[in-house]
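All values reported here derive from a predicted model rather than from experimental measurement.
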Amino acid sequence: MSTTIIGFPRLGEFRELKFTTEKYFRKEISEEELLAVAKDLRAKHWNIVKEKGITEIPSNDFSHYDNFLDAAFLFNVVPASVQNLDLSDLERYFALGRGYQGEKGDVRALPMKKWFNTNYHYIVPKFEKDTQVKLAGHKIFDEFQEAKELGLNTRPVLVGPFTFLQLSDFEEGVKAEDFVDSLVAAYQEVFAKLAELGATRIQLDEAALVKDLTAEEKALFLNLYNKLLADKKGLEVLLQTYFGDVRDVYADLVKLPVDAIGLDFVEGKKTLELVKSGFPADKTLYAGIVNGKNIWRNNYEKSLAILEQIPAENIVLTSSCSLLHVPFTTANEEFEPAILNHFAFAVEKLDEIRDLDAIRNGQGEEALAANKELFATERVGENAELRARIAGLTDADYTRLPAFAEREAIQEEAFKLPALPTTTIGSFPQTKEVRAKRLAYRKGELSQEEYDAFLAETIDEWIKWQEDIDFDVLVHGEFERNDMVEYFGQNLSGYLFSKNGWVQSYGMRGVKPPIIWGDVTRLNPITVKWSSYAQSRTNKPVKGMLTGPVTILNWSFPREDISIKDSTLQIALAIKDEVLDLEAAGVKIIQIDEAALREKLPLRRSDWYEDYLDWAIPAFRLVHSTVAPDTQIHTHMCYSEFTDIIPAIDNLDADVISFEASRSNLEILDELKAKNFQTEVGPGVYDIHSPRVPNEGEIDNTIEAILAKVPSKKVWINPDCGLKTRGIPETKESLIRLVEAAKAAREKL
């Protein structure tokens, strides 16, 4: 039996790629210096995988920004306007990923969407009428050759043609079928070039196969692969899937002349059942048995029980998905051994795959015994009082009264806001000074009084600035918060926090998800102090800012010993207590962010409600169900596809919902109109994840487009997301334009 992984984290053990790339963005280092650091990281990571005894090592799983964007450049799916810019290849690449604004042009970043059911975001390329698909890049070849020079014959990884077409956008009048022949020809050129360089096998990632597929989509998949596999140029082809099972195409998939098929035995509900129905003797099964998305130790006995039922003759053990979605290693953590022994990050998952392989081969008795002992002990007890509180919930606890229409009239009278009220999503720039003060306070170098004085001064400054430019609903800026989930977790029981548990979210952005270790309750008020302080400094309303229970759960590493539904209800009760304390403190507009609402939505529609929405939506309602009618509840959602769950979102029963919209070209507005969406909405009017400042008239045009589809009395004006990662000058310039555009639009009403 052999071992492998689907992919490995690329930011680096200590986020070296992130920090080096940011230096490059700031023009502190050259392109050559960035490329050199990246090359060293790739070598380090390949050697780690090799030294752990993994027999098949992937390459081209590295990226400077996003693997999907890499594929777009590889196959020339790049707008001519960007190709013609007088920039280097790398500069053009980053221009499409994060936007570009300079003397050589002005490029808006491509849309960014969630990668299936993860917190990773991919860049969405667009096929246009004049797109000429062809082999145009060389990264996949360069990195294979790099590894070869280190003595490693790697397996190059590339997004498969079906998933590439399924997840891309298409200009009106253009469809995926138009590019089948040219895309197949380009992939075969990749095959030929890799074979020439000495590669023996290529991995094509086809995660889109785990979703519900229409007859037309199945036909597209089979058409692509029948043509592609007609000439493999001497390479063996591994068709790799993950994040679910392939029930819609399994019967066809096993008949294709691929050499190996990768299946997910962790998230694939029906994967074992499908394989037991028959697996071809002439194909190798890559069995994804070690969870690539969570950080808990693998239960060897359970995994071995699954492997024993697989009838395949040739099996390669692998991760359920890329290890991109977990932190680098537990070696840099400071948990006590009794806690740390329960965790496996990317490097440790290599050990688990190797252990399972050894045990299957009649070795590894010591590893199996230690694993059995770990799972034989009770890890954590339960909070009986909390369990009783949840058991006592009734339908009334999830229902807010009066109904939305009546509340809307009450709030209109209470707040007397102008048409198209302006606000921001919550956070303002976290400058070096803000981060330095927070670190000094955490280290004990700054007293509580000194830190509080700094926060108060900073809040005062930004409250006054918002008043000066005439925002309608203000925010305090969240300067006391390091992260929208970790900050809350630090005030909840049952949470643990890693020191270096960073996971890539998008581009070079990393997040450090906290770990839900046990039952969750609120230890003390979390946000009341600074939200009420900010409200005391102005006569305008200031939003209290909270993170919602579903997002806190989805952006944490969840427990595996209880259901995510039970964990979410525990968090919901804790946030409910916070909402009521904010209201009692005089904060009458409260935003409860559910940015990650869709993240754990099952990939198949048939599982949406029973397995997720039927409890996730009520969990949000539980949080705000008992506030007064004149308390206005906002929520915020970003960088995901919400158009197909609009009725469920309306059922959150919030008063105002802000959406990321500008980077997705306001696509969501048509669906809001079609579904008669009742909640007031704030579609983002400019993209905050790009460093560019909106041009004169850009926001005006966006507002005009919004008002063409949504009644003005329902519209709020705000950016796409929080401004934590932006610089102060670009933030202020952009927000001034936002307020001016909103006022201009009011005058036209």
Side-chain angles (χ1 to χ4, degrees), residues 3-25 28-29 33-54 57-67 118-120 143 146-147 150 152 154 157 290-298 318-319 321-337 339-355 435 439 482-483 486 496-515 555 557:
T3 56
T4 190
I5 54 173
I6 293 173
F8 196 73
R10 53 185 182 248
L11 285 184
E13 185 172 3
F14 300 105
R15 295 182 290 161
E16 297 94 324
L17 184 63
K18 166 189 168 66
F19 297 125
T20 305
T21 305
E22 289 173 349
K23 285 182 180 179
Y24 168 75
F25 290 156
E28 295 172 5
I29 63 171
E33 290 172 295
L34 170 61
L35 295 175
V37 169
K39 184 176 181 179
D40 289 344
L41 274 178
R42 288 193 291 271
K44 175 183 175 181
H45 297 168
W46 285 325
N47 281 316
I48 287 173
V49 178
K50 175 188 176 182
E51 289 162 7
K52 286 294 183 179
I54 300 300
I57 302 173
S59 62
N60 200 46
D61 52 336
F62 173 87
S63 180
H64 277 286
Y65 202 86
D66 170 56
N67 291 116
T118 74
N119 186 31
Y120 181 75
E143 293 180 14
E146 270 181 38
L150 296 172
L152 303 172
T154 57
V157 175
V290 170
N291 193 337
K293 286 170 64 175
N294 212 343
I295 47 78
W296 300 96
R297 282 280 178 189
N298 181 278
T318 185
S319 52
C321 62
S322 172
L323 301 182
L324 170 76
H325 308 292
V326 292
F328 198 91
T329 179
T330 62
N332 301 315
E333 300 303 328
E334 298 175 350
F335 297 119
E336 296 176 0
I339 292 175
L340 193 63
N341 288 341
H342 288 278
F343 301 145
F345 294 176
V347 171
E348 291 70 42
K349 289 181 186 293
L350 303 176
D351 292 326
E352 293 184 326
I353 294 169
R354 185 198 59 221
D355 283 349
R435 296 194 302 272
L439 179 62
N482 54 349
D483 176 84
E486 184 171 315
L496 295 176
F497 307 92
S498 64
K499 181 180 179 183
N500 289 289
W502 295 97
V503 178
Q504 194 164 2
S505 177
Y506 67 88
M508 291 297 103
R509 168 86 168 146
V511 294
K512 189 157 64 71
I515 300 163
W555 284 353
F557 288 118

Exercise. Does a sphere of radius 6.0 Å around CD in Glu28 hold more than 12 heavy atoms from other residues, nucleotides or ligands, not counting ones at 6.0 Å or beyond?
Worked result: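 Result for CD/Glu28: enclosed.
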Looking at [X] and [Y], what are the two nearest heavy atoms and their distance?
| X | Y | answer |
| --- | --- | --- |
| Ile57 | Lys50 | CD1-CB, 3.6 Å |
| Ser505 | Val511 | CB-CG1, 4.1 Å |
| Asn500 | Glu333 | N-OE2, 3.0 Å |
| Thr318 | Ile5 | OG1-CA, 3.4 Å |
| Pro58 | Val157 | CB-CG2, 3.6 Å |
| Glu13 | Thr329 | OE2-CG2, 3.8 Å |

How many angstroms lie between atom [atom1] of [X] and atom [atom2] of [Y], to the nearest 0.5 angstrom?
| X | Y | atom1 | atom2 | value |
| --- | --- | --- | --- | --- |
| Ile339 | Leu496 | CD1 | CG | 5.0 Å |
| Trp296 | Ile515 | CH2 | CD1 | 7.0 Å |
| Arg509 | Tyr65 | CZ | OH | 11.5 Å |
| Phe497 | Glu334 | CZ | CD | 14.5 Å |
| His325 | Asn291 | NE2 | CG | 10.5 Å |
| Asn67 | Ser322 | CG | OG | 8.0 Å |

For this session: Given side chain to side chain contact (heavy atoms under 4.5 Å, CB included), test Val49 with Phe8 step by step and report yes or no.
Result: CA-CA 9 Å; Val49 178; Phe8 196 73; 4.1 Å; yes
Quick one: does [X]'s side chain get under 4.5 Å of [Y]'s, heavy atoms only?
| X | Y | result |
| --- | --- | --- |
| Phe335 | Thr330 | no |
| Asp483 | Trp555 | no |
| Asn119 | Val503 | no |
| Leu17 | Met508 | yes |
| Glu348 | Arg297 | yes |
| Leu350 | Leu323 | yes |
| Leu34 | His64 | yes |
| Arg10 | Leu324 | yes |

Counting N and O atoms only, with roles assigned by atom type, does the side chain of [X] sit under 3.5 Å from a partner on the main chain of [Y], one being a donor and the other an acceptor?
| X | Y | answer |
| --- | --- | --- |
| Arg354 | Lys52 | yes |
| Lys499 | Asn332 | no |
| Glu16 | Phe19 | no |

Exercise. Do NZ/NE/NH1/NH2 and the carboxylate oxygens of Lys39 and Glu146 come within less than 4.0 Å?
Worked result: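 Salt bridge between Lys39 and Glu146, a charged N being under 4.0 Å from a carboxylate O: no.
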Exercise. Is the closest basic N to carboxylate O distance between Lys23 and Glu33 below 4.0 Å?
Worked result: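 So Lys23 does not pair with Glu33 through a salt bridge.
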Problem set entry | Plane angle bin for Phe345 and Phe343 - parallel if under 30°, tilted between 30 and 60°, otherwise perpendicular |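 Taking Phe345 first and then Phe343, their aromatic rings lie parallel (interplane angle under 30°).
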For this session: Just say parallel, tilted or perpendicular for the rings of His45 and Phe328, cut-offs at 30° and 60°.
Result: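 The rings of His45 and Phe328 sit tilted, inter-plane angle from 30° to 60°.
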